[in-house]
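Values below: every heavy atom of this structure, side chains too, minus hydrogens, waters and symmetry copies. Just so it is clear, the model here is predicted, and its values are computed rather than measured.
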Amino acid sequence: MKKIWKFCKNFILGAFILYGYNLVAVSFNMVIPINWITITSVSLLGAPALIALILLKVIAF
């Protein structure tokens with residue numbers, strides 16, 4: 001039960017982190033979509049996942 005609670009807490013925190021990033025990045029046209037895949041990757045891997053998503057956005061698009 002504690003693991004489920006921790007994952008839910010990290011999932012919500014990951015969503016807030018992506019939302020905060022998108023608030024700053026909208027002026028640079030570097031918005032990362034907020035969906036369950038991006039939120040899960042940021043909630044499980046943390047800041048390195050966010051950096052990887054930003055680099056993926058820069059390189060691919």
Side-chain angles (χ1 to χ4, degrees):
M1 189 68 171
K2 286 187 178 186
K3 288 184 181 184
I4 294 172
W5 176 250
K6 184 177 178 181
F7 177 76
C8 290
K9 188 172 67 170
N10 285 343
F11 192 83
I12 293 170
L13 184 64
F16 280 123
I17 289 171
L18 279 174
Y19 181 73
Y21 167 77
N22 283 339
L23 285 176
V24 174
V26 72
S27 60
F28 302 112
N29 200 17
M30 293 294 299
V31 176
I32 296 174
I34 299 176
N35 54 33
W36 68 273
I37 297 171
T38 56
I39 294 172
T40 304
S41 64
V42 170
S43 67
L44 291 177
L45 301 175
L50 182 62
I51 293 169
L53 288 170
I54 294 168
L55 289 175
L56 184 67
K57 177 77 172 182
V58 169
I59 292 171
F61 302 104

Could you list the donor-acceptor pairs under 3.5 angstrom formed between side-chain atoms of residues 37-47 and any protein atom two or more places apart in sequence or on another chain?
{"unit_1": "T38", "atom_1": "OG1", "unit_2": "P33", "atom_2": "O", "d": "3.0"}
{"unit_1": "T38", "atom_1": "OG1", "unit_2": "N35", "atom_2": "N", "d": "3.2"}
{"unit_1": "T38", "atom_1": "OG1", "unit_2": "N35", "atom_2": "O", "d": "3.1"}
{"unit_1": "T38", "atom_1": "OG1", "unit_2": "N35", "atom_2": "OD1", "d": "3.1"}
{"unit_1": "T40", "atom_1": "OG1", "unit_2": "W36", "atom_2": "O", "d": "2.5"}
{"unit_1": "S41", "atom_1": "OG", "unit_2": "I37", "atom_2": "O", "d": "3.3"}
{"unit_1": "S41", "atom_1": "OG", "unit_2": "T38", "atom_2": "O", "d": "2.9"}
{"unit_1": "S43", "atom_1": "OG", "unit_2": "I39", "atom_2": "O", "d": "3.1"}
{"unit_1": "S43", "atom_1": "OG", "unit_2": "T40", "atom_2": "O", "d": "3.0"}

Which pairs of donor and acceptor atoms, one on a side chain in residues 5-15, lie under 3.5 Å apart (sequence neighbours left out)?
none

Task: Hydrophobic cluster partners of M1 (side-chain heavy atoms under 4.5 Å) - done: none

Open item on the list: According to side chain to side chain contact (heavy atoms under 4.5 Å, CB included), who are the partners of A25, at least two apart in sequence or on a separate chain?
Closed with: Y21, M30

Open item on the list: Test question: given the 4.5 Å side-chain rule for I, L, V, M, F, W and Y, name all other residues clustered with I4, or answer none.
Closed with: none

Expected list for residues 54-61: side-chain donor-acceptor pairs under 3.5 angstrom, two or more places apart:
{"unit_1": "K57", "atom_1": "NZ", "unit_2": "V31", "atom_2": "O", "d": "3.3"}

TODO: To the nearest 0.5 Å, tell me how far I34 CD1 sits from N22 CG.
DONE: 4.5 Å

Open item on the list: Applying a strict under-4.5 Å side-chain criterion to I, L, V, M, F, W and Y, I'd like to know whether I51 and V24 cluster together.
Closed with: no

